[in-house]
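Notes for the one structure printed next.
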Amino acid sequence: MANIRLIKLAHVPPNNNWNPMTFPSSICVYCGSAADVAQSYKDAAALLGRLAGEQGVEIIYGGGRVGLMGLVADAALAAGGKVTGIIPRHIVEMEVAHRTLTELIVVESMHERKKMMADRADAFAILPGGLGTLDEAFEILTWKQLGLHDKPIVIANIEDYWAPLLTLVRRGVSEGFVRPRHAGLFTTVTEIEALLPALTTAMQGVDVVSSFT
Ligand code: AMP
């Protein structure tokens with residue numbers, strides 16, 4: 001029984017209810033929870049939060065108040081934006097839940113968290129982060145590869161942080177492990193200012209010439 005429930009929670013239904021729009025009303029942000037990182041990463045996180053808040057784009061994220069996660073949330077709130085955090089009960093304390101969000105949703109498992117974050121967002125932004133961010137990034141990429149959703153994904157390659165990952169994907173294509181078209185499941189930007197415009201372009205169905213390809 002327990003296994004069946006887990007599988008159901010992890011399953012993202014086909015994206016039939018998603019209405020194509022030309023501008024995201026919400027973005028799911030995946031980024032690091034570590035606090036002791038270079039200022040340039042912190043600035044990038046805060047800038048994304050501010051721009052989203054100013055432009056009325058809701059932030060959906062993991063609900064913590066630490067690291068880049070907290071900076072995105074605080075900046076969006078300070079700019080008058082809406083921020084929804086989704087956090088599993090067992091890591092509420094560990095991750096230092098943000099207590100002044102527009103909404104903090106406490107769920108029972110990581111699977112439920114990831115599914116709810118994905119369902120609620122119109123698009124995804126991947127900022128620098130650690131293993132948790134990598135897991136979330138690859139999950140949302142592979143869900144798209146499997147046709148479980150068709151929402152835009154942008155990787156914010158701040159300070160070229162994601163270069164090794166992009167190199168690995170390229171290697172996967174050249175070695176035949178990654179289908180060439182799957183390397184186009186995401187776009188990359190090198191500046192935060194380009195992130196929301198890149199998502200908008202993707203939502204308008206315009207072919208984006210990614211800096212990656
Ligand atoms: P990190 O990038 O490791 O700092 O983690 C960023 C976010 O990913 C945090 O909200 C973590 O709760 C989440 N996270 C950490 N480990 C995992 C994991 N194994 N699977 C999915 N998410 C995780």
Hey, what do you get for OG (Ser33) to CD1 (Ile91), rounding to the nearest 0.5 Å?
8.5 Å
Could you give the distance from CG (Leu48) to CD1 (Ile192), rounded to the nearest 0.5 Å?
5.0 Å
Kindly indicate whether the side chain of Thr133, heavy atoms from C-beta on, has any atom under 4.5 Å from the side chain of Leu127.
no
Quick one: hydrophobic cluster around Leu168, which other residues, with the 4.5 Å side-chain cut-off, linked directly or via members?
none
Spatial distance of atom CE (Met203) from atom CG (Leu199) [nearest 0.5 Å]
7.5 Å
Locate the shortest heavy-atom distance separating Pro128 from Leu68; write the atom from each residue and the value.
O-CD1, 3.4 Å
I'd like to check Leu101 versus Ile59 (side-chain heavy atoms, cut-off strictly below 4.5 Å). Are they in contact?
no
Could you report the tightest heavy-atom contact between Gly64 and Met69, atom names first, then the distance?
N-CE, 3.8 Å
Beyond-backbone contact of Asp74 with His98, side-chain heavy atoms, under 4.5 angstrom:
yes
At their closest point, which heavy atom of Val173 faces which heavy atom of Ala183, and how far apart are they?
CG2-CB, 3.9 Å
Any chance CG of Leu146 has more than 12 other-residue heavy atoms, nucleotides or ligands included, within less than 6.0 Å?
yes
Any side-chain heavy-atom pair of Leu185 and Ile153 under 4.5 Å:
no
Looking only at heavy atoms, the pair that brings Ala121 and Lys151 closest together is O-NZ, 2.6 Å
Aromatic plane relationship, Tyr41 with Tyr161 - under 30° parallel, 30 to 60° tilted, over 60° perpendicular
perpendicular
With a 3.5 Å distance limit and no angle check, can you tell me whether Thr84 reaches the backbone of Glu58 through a side-chain donor-acceptor pair?
no
Any side-chain heavy atom of His182 within less than 4.5 Å of one from Lys144?
no
Rounded to the nearest 0.5 Å, how far does CG of Leu166 lie from CD1 of Ile155?
5.5 Å
Do side-chain atoms of Arg50 reach the backbone of Ala75 as a donor and acceptor pair under 3.5 angstrom?
no
Given side chains that start at C-beta, do those of Val169 and Trp162 come closer than 4.5 Å, heavy atoms only?
no
Is a donor on one side and an acceptor on the other found under 3.5 Å between the side chain of His149 and the backbone of Ile140?
yes
Which heavy atom of Arg120 sits nearest a heavy atom of Ser26, and at what distance?
O-OG, 3.0 Å
Are the side chain of Thr187 and the backbone of Val154 linked by a donor-acceptor contact shorter than 3.5 Å?
no
Does a side-chain heavy-atom distance below 4.5 Å link Ile158 with Thr190?
no
Using every non-hydrogen atom in the two residues, find where Gln55 and Leu196 come nearest and quote the distance to one decimal.
OE1-CD1, 3.7 Å
Are more than 12 heavy atoms from other residues, nucleotides or ligands located less than 6.0 Å from atom NZ of Lys42?
yes
